[in-house]
Amino acid sequence: MPADDRPERYPFADIEGKWQRVWEDRKQFRAVEDPTRPKFYCLEMFPYPSGRIHMGHVRVYAIGDLLARFKTMRGFNVLHPMGWDAFGLPAENAAIDNGVHPAVWTHENIAYMRTQLRRMGISYDWDREVTTCDPAYYRWEQLVFIRMFERGLAYKRRSRVNWCPSCQTVLANEQVEAGRCWRCDSEVVARDIDGWYFKITDYAEELLAWCDRLPGWPERVMTMQRNWIGRSEGAEFTLPVVGGPGIAIFTTRPDTSFGMTYAVLAPEHPLVDQLVADPGERARVEAFRREVAAQSEIERVAADRPKRGLRLAARAVNPFSGLEIPLFIADYVLMTYGTGAIMAVPGEDQRDWDFAIAHGLPIIPTVARPPEWVDNQAYTGDGVKINSGFLDGLTVAEAKRKAIDWLVAQGLGRAKVNYRLRDWGISRQRYWGAPIPILYCEKCGMVPEREDRLPVVLPPDVQISGKGGSPLADVASFVHATCPRCGGRARRETDTMDTFVESSWYFLRYCSPSYAGGMVDRTAAEYWMPVDQYIGGIEHAVLHLLYARFYTKVLRDLDLVAVDEPFTALLSQGMVIKDGAKMSKSKGNVVDPDELIERYGADTARLFSLFAAPPEKDLDWNDHGVEGASRFLNRVWRFVHAHLDELGPASAARPPALSAGGRAFRRTIHETIRRVTEDIEKDFHFNTAISAVMELVNALHDFDRASRHSSALAERRALLREAVEATLLLLGPVSPHVAEELWAALGHEESLFTRAWPAVDEAALARDEVEIVVQVDGRVRGRVTVAATATESDIRARALADDRVRPWLAERVVAKVVVVPGRLVNIVTRG
RNA sequence: GCCGGGGUGGCGGAACUGGGAGACGCGGCGGACUUAAAACCCGCUGGCCUGCAAAGGCCGUGGGGGUUCGAUUCCCCCCCUCGGCACCA
């Protein structure tokens, strides 16, 4: 864009650079522990150093900075740090594509993005910057890994995992979205592989319980976490097999047991081999297993897919009814949930119904159907038990309890709670991550690294091909080591940790970023933790946010921190949309923050991203809207500069008695302060807070015009000054540079951000008169102005007597008059 | 299928606890300034209708019903849409 077609604008580039330097020179945003003041830990999710910031970053950091500056002005000791989520695959892919070492690529990106963030003028304490690929950072997570290993919270096992063929690595369940890799969208395949796991399932109950104890979190995030954890109550019991070993069954509907007409095992269930004796049957089972294994993850999750199964020769006995029932292996039963085997009750489970219909199996209803029920599907509702022996006549809930009691009495089973949540697979067969501090000794076996030999540093010299296998396995100097226990020959683990491990505790490291005695200095953590306000995208609802909650609880149990939960409140901000789609290079709808700041300045970019939508909603980017934001800041700038002589330098004393117009204007000033404060504090409605400031500026112009020729000069000056100062203070957290500059122009020598947030003068809010709306039968027919002290009967009389109202009452009888003091009167009539 | 969010002017969005629907901004229209344009400043701007005008009427918050003096707001049913989970026994 050529410079000369830009509208005339205040010199934002000079101002922004100037104040960024001043704030930095003064170390104005340095956070120091101070037990005498209330603390506020304000945190935005740190970025992955991908190369450049995008509009989503601008939005989240504008929100965070608004809150940090606002809380500072409200008297809190604010911690507002920034760092880099620096490990991860894109760095490795860049190495493969361009031959740049991941470390070089990452550090170059960090350097550039740091300058971008500085140009936004965010109030970070840069002295606390944390970079997760730094050995001084990840050494502590290696130490915690060892502690977790010692307690069985980190363990290794071979199991079926999600493998991304493109990223050439394992993915955690949380990183698979509808059968595809969360990063590259490739179809995920199943593989049996050795890997390291964190025992997040040990914390399922606590993670779930705290979902109800975090009122500062959005309900939708908590719902997603609850669903992800997926608690279900039921019973586990042993299903006897004729002449064979019993099969463990989990069910949430023990009340329906009398309706169990067959049972099903997952194809890969280990008991299947013991149940199959005949070589011919064995071959059929093997063929069926191959058939199931061949289907991709996508096919597996496809809806309404016909259920395939194979009937076994072995038969089981329904312990409730005593009847012999057939046994199947079928693809609709998952080895990874419950016990990998189910009792099938087609009458009350749709999946079992579908399978029973397809295989001609009997269906016995065990809950009485409602009269209008059409019997073409399973019935899952409540009702009275039937066909159920000693459970007959009970409700479903009663029968569940009684069935469990019976199982316990028979010694067959017990009540059981199951979770959908699986352990967190943290092994990655990639280079750019924190090494797992484990060695394999020829004599001692699997041994954790000695703590005094930490960190296990990621070796710089490595060949990254992306062709599969952990690149570290080819680095002889890394792999070959001595056993920490016996000193003999040992090999190092060559998998690295999932980068979500680093982001599970970075907020703790900010409390004492260079502490050398451990992960975190307890005193600092006890002062700052937990994070009071966390801000970030909804995409992490069950990824980072669940992992960080889990990891914090582990650190608590390792006695490293004293908090149960890391984040007291969460603000989950929406995406930035343009032309109906998320901004992306492939769609060509990207707005580059650099260009935006170049053209309009950071203050405008911030103002617009806060004004255009409430933070939790998606923000529809609109170039005209940015113009509007810029126009507003220019309007404020021009007004202050046009009135500098009148406004300053010293603040004029307000005359004791104000004119009616003066009182009305002053009420607007203080109503604005109240509205802005409430909008920010109560529900993060920054868009309406900003619109309130815009209204104040409009009122300021009106007052200026109206009082220009007034003789009450002292009143005019005092109120202009009060209004302008309020405007700048309220605007400061949104557009800090221009506010600070104009604040200085008014003659203030101290930073605006060391000033207290303006207080509402309750006396200024008082009104002498109020306007009352008069309705007849619910329709507005007139308005009357009455004294604020008017009684209900005064208001009623005035309403009934109003000239505009009376014609609507002609030839009608007044049946009722509703008076809402200060608001309206509704006259209800009868014809 | 289950769970959660949402549906308001041409557009982004606002509306306290059930009380004047459409704040604020964008866009549009008109005016002022200017040789002219941009910028800036002022005014109007949901739809339909009556009126020369002043002014006024009716309709209107996805659709239908209900509660209420009064419903964008509460209740019931339905439609659409976005997001999450998805053979979880």
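We use all heavy atoms of the structure for the numbers below, so side chains are in, but hydrogens, waters and symmetry mates are not.
- Across the strands present, B/rC2 finds its partner in B/rG84; the criterion is a Watson-Crick or G-U wobble pair with both atom distances under 3.5 angstrom.
- In this structure B/rG27 sits in a base pair with B/rU45, meeting the Watson-Crick or G-U test at under 3.5 Å.
- Residue contacts for A/R781: at a heavy-atom cut-off of 4.0 Å it reaches the sugar-phosphate backbone alone, with no base atom in range.
- As judged by a 4.0 angstrom heavy-atom cut-off over every strand, A/W808 is placed among residues touching the sugar-phosphate backbone only.
- Between B/rC41 and A/R638, a contact under 4.0 Å exists linking OP1 or OP2 to a side-chain N or O.
- Among the heavy atoms of the strands, none lies under 4.0 Å from A/E678.
- How far CG of A/L207 is from CZ of A/R231: 13.0 Å, rounded to the nearest 0.5 Å.
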Please step through side-chain contact (heavy atoms from CB on, under 4.5 Å) for the pair A/F12 and A/W637, ending with a clear verdict. CA-CA 10 Å; A/F12 54 80; A/W637 173 273; over 6 Å; no

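- Counting any heavy atom pair closer than 4.0 Å across all strands shown, A/N687 reaches sugar-phosphate atoms only and no base atom.
- As the counterpart of B/rU61, no nucleotide is assigned, since no Watson-Crick or G-U wobble pattern has both distances under 3.5 Å.
- The residue A/R420 sits close to a base: some heavy atom pair falls under 4.0 Å.
- Glycosidic conformation of B/rG46: anti, with the torsion beyond 90° of 0.
- Heavy-atom distances to RNA chain B give each of A/R220 and A/L824 a nearest nucleotide, and the one nearer the 5′ end belongs to A/R220.
- As judged by a 4.0 angstrom heavy-atom cut-off over every strand, A/K307 is placed among the base-contacting residues.
- Note that CZ of A/R638 is 10.0 Å distant from CZ of A/R631, once rounded to the nearest 0.5 Å.
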Check the pair A/C181, A/L171 against side-chain contact (heavy atoms from CB on, under 4.5 Å), reporting the backbone distance first and the verdict last. CA-CA 8 Å; A/C181 173; A/L171 301 172; 3.8 Å; yes

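- A sub-4.0 Å separation between OP1 or OP2 of B/rC41 and a side-chain N or O of A/R705 is absent.
- Residue contacts shown for A/G338 are absent, as no nucleic acid heavy atom lies under 4.0 Å away.
- In summary, A/R308 and A/E291 engage in a salt bridge, as defined by a charged side-chain N under 4.0 Å from a carboxylate O.
- Within the nucleic acid shown, A/E616 has no heavy atom closer than 4.0 Å to any nucleic acid atom.
- In this structure, B/rA55 forms a base pair with B/rU50, meeting either the Watson-Crick or the G-U wobble geometry with both donor-acceptor distances under 3.5 Å.
- The list of side chain to side chain donor-acceptor pair (under 3.5 Å) pairs with a residue in residues 606-619 of chain A, not counting sequence neighbours, reads A/D65-A/R606.
- Backbone-only engagement by A/V828 is indicated by non-hydrogen atom pairs under 4.0 Å involving sugar-phosphate atoms exclusively.
- Phosphate contact (OP1/OP2 of B/rA39, side-chain N/O of A/R635, threshold under 4.0 Å): absent.
- Residue A/R226 is out of contact with every strand shown, counting any heavy-atom pair closer than 4.0 Å.
- No N or O donor and acceptor, one from the side chain of A/N227 and one from the base of B/rC85, sit under 3.5 Å apart.
- The side chain of A/T223 contributes no N or O atom lying less than 4.0 Å from OP1 or OP2 of B/rG84.
- For B/rC16, there is no paired base (Watson-Crick or G-U wobble, both distances below 3.5 Å).
- Taking atom C1' in both B/rG9 and B/rC75, the straight-line distance is 29 Å, to the nearest Å.
- Across all strands shown, nothing is found opposite B/rC33 as a Watson-Crick or G-U wobble partner with both distances under 3.5 Å.
- Under the 4.0 Å criterion applied to side-chain N and carboxylate O atoms, A/E762 and A/R674 are not assigned as salt-bridge partners.
- At the phosphate of B/rG25, neither OP1 nor OP2 sits under 4.0 Å from any side-chain N or O atom of A/N622.
- Between B/rA15 and A/R675, no contact under 4.0 Å exists linking OP1 or OP2 to a side-chain N or O.
- Base-pair partner of B/rU67: not found among the strands shown (Watson-Crick or G-U wobble, both distances under 3.5 Å).
- Contacts of A/N634 with the nucleic acid, taken as non-hydrogen atoms under 4.0 Å apart, are absent.
- A/T336 comes within 4.0 angstrom of no nucleic acid atom, judged by non-hydrogen atoms across all strands.
- Residue contacts for A/R804: at a heavy-atom cut-off of 4.0 Å it reaches the sugar-phosphate backbone alone, with no base atom in range.
- Using a 4.0 Å heavy-atom criterion, one finds that A/N698 contacts the sugar-phosphate atoms exclusively.
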